[in-house]
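Working notes, structure below.
All residue numbers in this chain count up from 1 along the given sequence.
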Amino acid sequence: MTGNNENDQQLDQQPARHRRDKGVQRRRVLIGGGTVALAGGLAAAGLASADTPTTTTDASTTTVTADASASATSSVCTLTAEVTEGPYSLDGALIREDIREEKEGVEVQYTFTVVDQDNDCAPLADALVELWHCDALGEYSGFVGKNGHTEDDDGTFLRGGVLTDANGEANLISIWPGHYVSRAVHVHMRVHTDVTLADGTYTGGSVVHTGQLFFDADLNEEVQATSPYSDNTTAETSLGDDTIYDDGGAASGLLTLTALGSAVSDGYTATLTVGVSTS
């Protein structure tokens with residue numbers, strides 16, 4: 001999928017260092033299917049199940065499992081289309097595990113496992129997993145005001161990334177995103193290889209995945225009803241009506257969510273295994 005599907009155009013006045021490299025082209029992205037035999041015990045590291053989505057009613061153990069059956073095939077990593085990075089991307093993300101910067105919201109602890117389809121789906125080490133998303137009021141750092149709210153803008157809140165370890169795993173902490181006009185609640189992701197780290201950020205490298213992450217609709221409804229999300233009075237688009245999410249489950253970025261406690265405010269873990277083609 002190509003093109004800009006978000007409301008606003010990229011700001012012309014943004015610093016040059018934040019502009020996306022126009023040479024980066026659309027690339028193949030893969031998601032590990034439930035039947036794939038992966039190296040290094042990958043199945044235990046968060047590979048999404050290909051079974052029907054299930055949710056336990058006890059909030060302390062709630063697990064929403066993304067349905068990957070639509071795209072899972074026997075003994076292969078399944079190809080899935082990339083999606084637009086949107087108008088709110090910035091280059092030069094900070095290298096850090098916790099990207100919240102004291103932004104209020106329901107905590108989300110992400111665990112991603114990146115695998116290389118060109119190497120028999122082996123874990124991909126030293127890949128930069130980068131996230132960015134809006135805050136509880138639907139505002140992006142660097143573009144505050146686009147969703148109608150006035151707040152401080154340092155250009156870095158709710159943005160950042162970390163390198164994968166030897167097991168292809170990357171862990172980040174953020175908050176559950178809010179919403180803004182025309183889009184369902186989502187998080188943006190890029191995976192880079194061969195980056196150079198310096199001064200708390202990165203330079204160079206190649207983008208091997210540009211995608212978006214999505215949340216279970218029922219859990220999202222509960223979160224958006226709590227403060228500070230409830231202060232956002234702009235219209236919210238449902239997951240089923242989103243122009244990007246194609247109902248493909250984990251293969252389309254739907255996260256597997258597990259409650260951290262008995263209340264929504266206790267937060268969630270979110271896992272996904274993403275396969276990329278490095279060639």
Side-chain angles (χ1 to χ4, degrees), residues 1-6 25-38 42-43 45-55 62-86 89 108 110-118 121 124 129-133 168 170 176-177 179 182-191 207-221 223 236-258 268-277:
M1 183 179 299
T2 58
N4 187 343
N5 288 287
E6 311 228 18
Q25 302 296 321
R26 175 186 176 86
R27 300 175 188 270
R28 293 184 298 161
V29 181
L30 309 98
I31 189 75
T35 59
V36 180
L38 300 180
L42 205 53
L47 189 63
S49 170
D51 296 330
T52 302
T54 58
T55 304
T62 299
T63 299
V64 178
T65 303
D67 180 4
S69 60
S71 58
T73 57
S74 299
S75 302
V76 297
C77 290
T78 306
L79 289 170
T80 187
E82 289 195 337
V83 300
T84 177
E85 68 178 12
S89 65
V108 180
Y110 293 97
T111 298
F112 301 106
T113 304
V114 181
V115 298
D116 185 2
Q117 185 259 358
D118 297 326
C121 291
L124 182 62
V129 176
E130 175 193 2
L131 300 183
W132 71 96
H133 62 84
W176 196 290
H179 65 272
S182 83
R183 287 300 316 279
V185 171
H186 63 283
V187 170
H188 296 266
M189 169 189 273
R190 281 190 294 231
V191 178
V207 175
V208 294
H209 171 47
T210 302
Q212 296 185 22
L213 311 172
F214 299 94
F215 298 79
D216 174 76
D218 292 336
L219 290 182
N220 179 65
E221 183 176 358
V223 171
E236 181 178 356
T237 298
S238 68
L239 186 63
D241 291 332
D242 189 67
T243 56
I244 300 296
Y245 181 65
D246 62 5
D247 201 30
S252 299
L254 187 64
L255 296 160
T256 295
L257 301 165
T258 302
Y268 295 86
T269 64
T271 60
L272 190 69
T273 297
V274 179
V276 300
S277 174

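At distances below 3.5 Å, not a single donor-acceptor pair connects side-chain atoms of His188 with backbone N or O atoms of Trp132. Although no hydrogens or angles enter the test, the distance criterion places a donor-acceptor pair under 3.5 Å between the side chain of Gln212 and the main chain of Thr84.
Taking 4.5 Å as the limit, some side-chain heavy atom of Leu239 sits within range of a side-chain heavy atom of Leu254. For the pair Val114/Val276, a side-chain contact is recorded, criterion being any heavy-atom separation below 4.5 Å from C-beta on. Residues Phe112 and Leu213 have side chains in contact (heavy-atom distance under 4.5 Å, counting atoms from C-beta outward). Looking only at side-chain heavy atoms (C-beta outward), Val185 and His179 come within less than 4.5 Å of each other. Contact of the Val129 side chain with the Tyr110 side chain is not registered, since no non-hydrogen atoms from C-beta on lie closer than 4.5 Å. Considering only heavy atoms from C-beta on, Phe215 comes within 4.5 Å of Val187 through its side chain. Residues Asn220 and Trp176 have side chains in contact (heavy-atom distance under 4.5 Å, counting atoms from C-beta outward). Taking 4.5 Å as the limit, some side-chain heavy atom of Val274 sits within range of a side-chain heavy atom of His209.
For the pair Val108 and Ala270, the tightest heavy-atom approach, listed with the atom from each and the gap, is CG1-CB, 3.8 Å. Pairing each heavy atom of Ser277 with each of Asp118, the nearest pair is OG-OD2, 2.8 Å. Taking both residues in full, the closest heavy atoms of Ala184 and Ser238 are given as CB-O, 3.7 Å, listed atom of the first, atom of the second, then distance.
Note that CG of Leu255 is 11.0 Å distant from OG1 of Thr111, once rounded to the nearest 0.5 Å. Atom CD in Glu130 sits 9.0 Å away from atom OG1 in Thr210 (nearest 0.5 Å). To the nearest 0.5 Å, atom CG of residue Leu257 and atom OG1 of residue Thr271 are 7.5 Å apart.
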With side-chain contact (heavy atoms from CB on, under 4.5 Å) as the criterion, how do Thr237 and Arg183 come out once you've worked through the C-alpha distance, each side chain's angles and the decisive distance to 0.1 Å? CA-CA 5 Å; Thr237 298; Arg183 287 300 316 279; 5.6 Å; no
